[in-house]
Participant: 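Sharing a structure here in structure tokens format.
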Amino acid sequence: MDTSEAIHPDRIGAEVVRQAWGQIGKALSLTCIDGVYICRGERASLAFVFLSDTMFRMKLFMGKDVDLSSTIAVLPREQSKLEATLQESESAWTLSSGQLVLEIEKKTSALSIFDVNERLVARQDQISWNPRGAIQAVYDMPGDSHFYGLGEKASFLDKKGEHYTMWNTDVYAPHVPEIEALYQSIPLLIHMHGRSSYGIFLDNPGRTDFDMRSHGIAYTIGCSTGDYDIYFVYGPQLKDVVREYTKLTGRIALPPKWALGYHQSRYSYMDQNEVLNLARTFREKEIPCDVIYLDIHYMDEYRVFTFDPVRFPDPEGMMAELKSLGIRIVPIVDPGVKKDPKYEVYRQGIANNHFSRKLEGDLFFGDVWPGISAFPDFTDDSASEWWGNLHKYYTELGIAGIWNDMNEPAVFNASKTMDLDVMHSNNGNPKTHEELHNLYGMLMSKATYEGLKNNLDGERPFVLTRAGYSGIQRYAAVWTGDNRSFWEHMALAMPMVLNMGLSGLAFAGPDIGGFAHHTSAELLVRWTQMGVLFPYCRNHSAIATLRQEPWSFGPEIESILREYIGLRYRWMPHLYNLFQEASETGLPPMRPLLLEYQDDPNVTNLCDQFLVGRDVLAAPIYRPDTEHRAVYLPEGEWIDYWTGEVIAGNRHILAHAPLRIMPLYIKSGAVIAEGVPTLYADDRTDETITLRIYGAQAKKGFKASYSLYEDDSSSFAYEQGASSLLQFELIGEDHGLQLQYRYERQGYQANREFLRFTLVCTSFKLAQIEGLNELTIEEAEEGQEGWYFDEQTGGFTLQVQDRSEGATYFLKG
Ligand code: GLC
């Protein structure tokens, strides 16, 4: 029988319970108090703070005072206030910084942003809010608009016509374009139109929303709780947006070199013997590998900070053998702590009030791998410190890397996460889980990174995370969660990781070979060829799927995989250089062509090929039974890495790529630093460097240059100046080339006697170098200084003593 509930207003729906949306109305005044420009409107106010010539913050607030604290996404040092020039006309106020002019219309409170040439860059029409706390702002969307950023999203590079939500979510269902929220939330939208770009970062870790689909000539940004608090980051170059945004939210910490190696994982390597056999097999087969991951089965009934005593009876012994092989272990650590009164971690968490609770005081319990579990409240510094210190358990075993998973947090319940009414302590400023949801994973990885760092005696930690929020790049690398062994998912990894790179997540990659479903020999080859050029390079697969270690499909496949993994290791000095650049500038090692060729209309949505740094172009084959594909080469000359053919750019070509070949091109005039082949990345027994110069020309106007950064690959000594920077230049003259190198600083002494400079794919015929003898290859191998020609590669190599004072040579043709 029905009760009165039958006529509950919610059952009747929105037609009856209509929500009243409010708007600012007229702008009434604009004043400046301590560097904060306050625009009072009829029904709400806007606060503006200029952070640089090209960046300002804008926050909507009700009432008298504005709270300008921010989330941990924003680095405190980036919050200083610059002065702007304030002017008033009859219809508007304007605020000018060096590069931008903001105009606030008195009649509507609409905001127009102009560049120094009075060109309209962006326009924010209205901000509206409803009584339940949702806020939405509307922005102009001209017809030539393109959208990028937004972190980890499915679909193509250009997000025009898409709608996305930021709500960290554990998505095991196949990742498809219509999934609006995955594990990471990076609420940074980059808008490009008229070949100029700007970004809007909405610093709100609750549910936020970006709609470039539904409003025709406008796009909207909104949030369902919390504040509308944005940072407007002007380009006009995309690179400027990435640099400024990462200045605000931080850049990747320089990783230990081993973290850039090839990583092998599976859910799960079940016991100690399996792990050791795996490591031995890598070494027997001479396939480079730096890390083996331990997935959840290493634990005692999934209790974090334990080893299963039967499967892993001797972790110390295992670690000792792995160390002798140059292989590291990265174990998984999830946030759920098993509810078990006999379990020390649970007891400590309860005794010290470190777990998340409801307002009423009840602990929040959720079901995850260990069964019913409690979840640390990482918004509380003391809980984070406790968690960080628990990692001593691993560091004492020689473990320096941790894999954070399920930290959205994922819970096996209907909402897939923690109850929204959990009240996080937030260091004395309590907020609901609904308001802070997207911060949970980042705070866990921050606690982990800091805990490891405190306990590693000067070694650089490595953290891998599934969930994160803006700024996560400061603490962890990111992998793209549970993809599948589908060709479509291989293709999807490119735009996904490219946009992550534009969103500050420079150190990212997918599970190579695919996690769920079953890989095939061909898919594994094609995916590995591509994956070895991604920033993060891990092969991982799910329980009960076909094995996908490099030797799983016989010797022919194994040899191709060895070659490509080997290429990553040969290019390690170059890759490390790119990571160092990312840590200083925010520019990602893996780049869409758009980042380097913003004015080229062919690349606005090009995402089935990518650049490694500025000059290496990879065009993977991402379909089965396919040996040909179209490749777009931007302006300039490009050299086919495999054949040495020089190809004019600014056009599409058809590449031929049998299974052994992934189309790969190097820009003419580029330089790549190569190391000697090693089986693990921080093997420093021989740090001889070869600078390989592509397409040198003995004519005026030709110039190739390179800056090589080096340090001890693993400690923080570089922060105290223990790094070196080698500057190299090759300049074309009428009858030859002038080659010069010098150390700009040499705070790190690499372990080598020689530097090598190799000229490949060049029409230049070297005849003589004053002060250097011509050698046979045998003489060079014996360790003499001089130069030689290698018939096999068709290249000339100078092998010279590595002198701290540098040297100059004239190469006569
Ligand atoms: C999640 C992770 C996956 C891991 C599995 C078991 O699905 O995304 O990488 O292997 O849990 O821990």
Side-chain angles (χ1 to χ4, degrees), residues 152 154 168-175 179 181-184 263-271 274-275 278 291-308 311-312 329-338 366-371 373 375 394 401-413 416-417 440-441 444-445 448 462-468 472 476-486 489 492-493 496-497 500 508-519 527 531 534 536-549:
E152 180 191 53
N168 290 358
T169 312
D170 171 15
V171 183
Y172 181 71
H175 301 171
I179 290 179
L182 285 164
Y183 317 86
Q184 296 272 333
H263 296 190
Q264 184 65 51
S265 185
R266 181 163 173 92
Y267 168 30
S268 297
Y269 294 121
M270 289 294 185
D271 59 40
E274 192 180 1
V275 170
L278 185 76
V291 182
I292 293 173
Y293 284 66
L294 300 184
D295 208 325
I296 52 175
H297 290 93
Y298 82 87
M299 292 179 271
D300 179 9
E301 293 181 322
Y302 316 117
R303 289 174 185 86
V304 284
F305 309 100
T306 66
F307 272 94
D308 182 290
R311 291 188 169 120
F312 288 83
I329 282 292
V330 171
I332 198 166
V333 176
D334 295 349
V337 174
K338 188 176 177 65
D367 191 16
V368 270
W369 307 124
S373 304
F375 293 78
Y394 299 109
I402 294 290
W403 170 18
N404 284 164
D405 187 24
M406 305 290 276
N407 52 345
E408 292 72 28
V411 181
F412 304 149
N413 61 14
K416 293 179 139 199
T417 193
Y440 192 86
M444 178 185 184
S445 291
T448 305
F462 168 68
V463 179
L464 176 71
T465 184
R466 195 170 72 173
I472 182 65
V478 173
W479 100 102
T480 60
D482 295 345
N483 63 8
R484 300 201 172 192
S485 300
F486 295 166
H489 278 192
L492 172 67
M496 192 182 262
V497 176
M500 290 166 87
D511 284 341
I512 293 173
F515 174 68
H517 195 58
H518 307 281
T519 202
W527 204 326
F534 272 50
Y536 175 63
C537 177
R538 180 181 74 158
N539 170 319
H540 180 49
S541 54
I543 200 162
T545 59
L546 271 189
R547 304 295 296 211
Q548 59 185 46
E549 291 77 18

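In each ligand, atom 1 is the first atom listed, and ligand 1 is the first ligand listed.
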Participant: Check contact between Trp369 and ligand 1, using heavy atoms of the residue and a distance below 4.0 angstrom.
Facilitator: yes

Participant: Quick check: Asp482 and ligand 1, any N/O pair under 3.5 Å apart?
Facilitator: yes

Participant: Is it the side chain, the backbone, both or neither of Tyr302 that has a heavy atom closer than 4.0 Å to ligand 1?
Facilitator: neither

Participant: Enumerate the atoms of ligand 1 whose separation from the nearest heavy atom of Tyr267 is less than 4.0 angstrom.
Facilitator: 6 (C), 10 (O)

Participant: Classify the ring geometry of Trp369 against Tyr267: parallel below 30°, tilted from 30° to 60°, perpendicular beyond 60°.
Facilitator: tilted

Participant: In terms of atom number and element, which parts of ligand 1 are under 4.0 angstrom from non-hydrogen atoms of Trp403?
Facilitator: 9 (O), 10 (O)

Participant: Supply the atom-to-atom distance Asp170 CG to Asp405 CG, rounded to the nearest 0.5 angstrom.
Facilitator: 7.5 Å

Participant: Can you name the one residue among Asn407, Asn404, Thr448 that meets side-chain hydrogen bond (donor to acceptor under 3.5 Å, both in side chains) with Thr465?
Facilitator: Asn407

Participant: May I ask you to list the atoms of ligand 1 that are less than 4.0 angstrom from any heavy atom of Arg466?
Facilitator: 1 (C), 2 (C), 7 (O), 8 (O)

Participant: One residue to check: Trp479. Relative to ligand 1, which of side chain, backbone, both or neither has a non-hydrogen atom less than 4.0 Å away?
Facilitator: side chain

Participant: Going by ring pair (Phe, Tyr, Trp, His ring centres under 6.0 Å), Tyr293 matches just one of Phe462, Tyr298, Trp403. Which one?
Facilitator: Trp403

Participant: What about His175 and Tyr183, are their ring centers closer than 6.0 Å?
Facilitator: yes

Participant: Can we call the ring centroids of Trp479 and His263 under 6.0 Å apart?
Facilitator: no

Participant: Does Tyr183 come within less than 4.0 Å of ligand 1, judged by its heavy atoms?
Facilitator: no

Participant: Would you check if the distance from the ring center of Tyr394 to the ring center of Phe305 is below 6.0 Å?
Facilitator: yes

Participant: Which is closest to atom 1 (C) of ligand 1 in terms of heavy atoms, Asp405, Asp511, Ile332, Leu464?
Facilitator: Asp405

Participant: Which ligand 1 atoms does Asp295 reach within 4.0 Å, using its non-hydrogen atoms?
Facilitator: 4 (C), 6 (C), 10 (O), 12 (O)

Participant: Counting each atom of ligand 1 from 1 as listed, which ones have a heavy atom of His540 under 4.0 Å away?
Facilitator: 3 (C), 4 (C), 9 (O), 10 (O)

Participant: Verify the ring-centre separation between His297 and Tyr269: is it less than 6.0 angstrom?
Facilitator: no

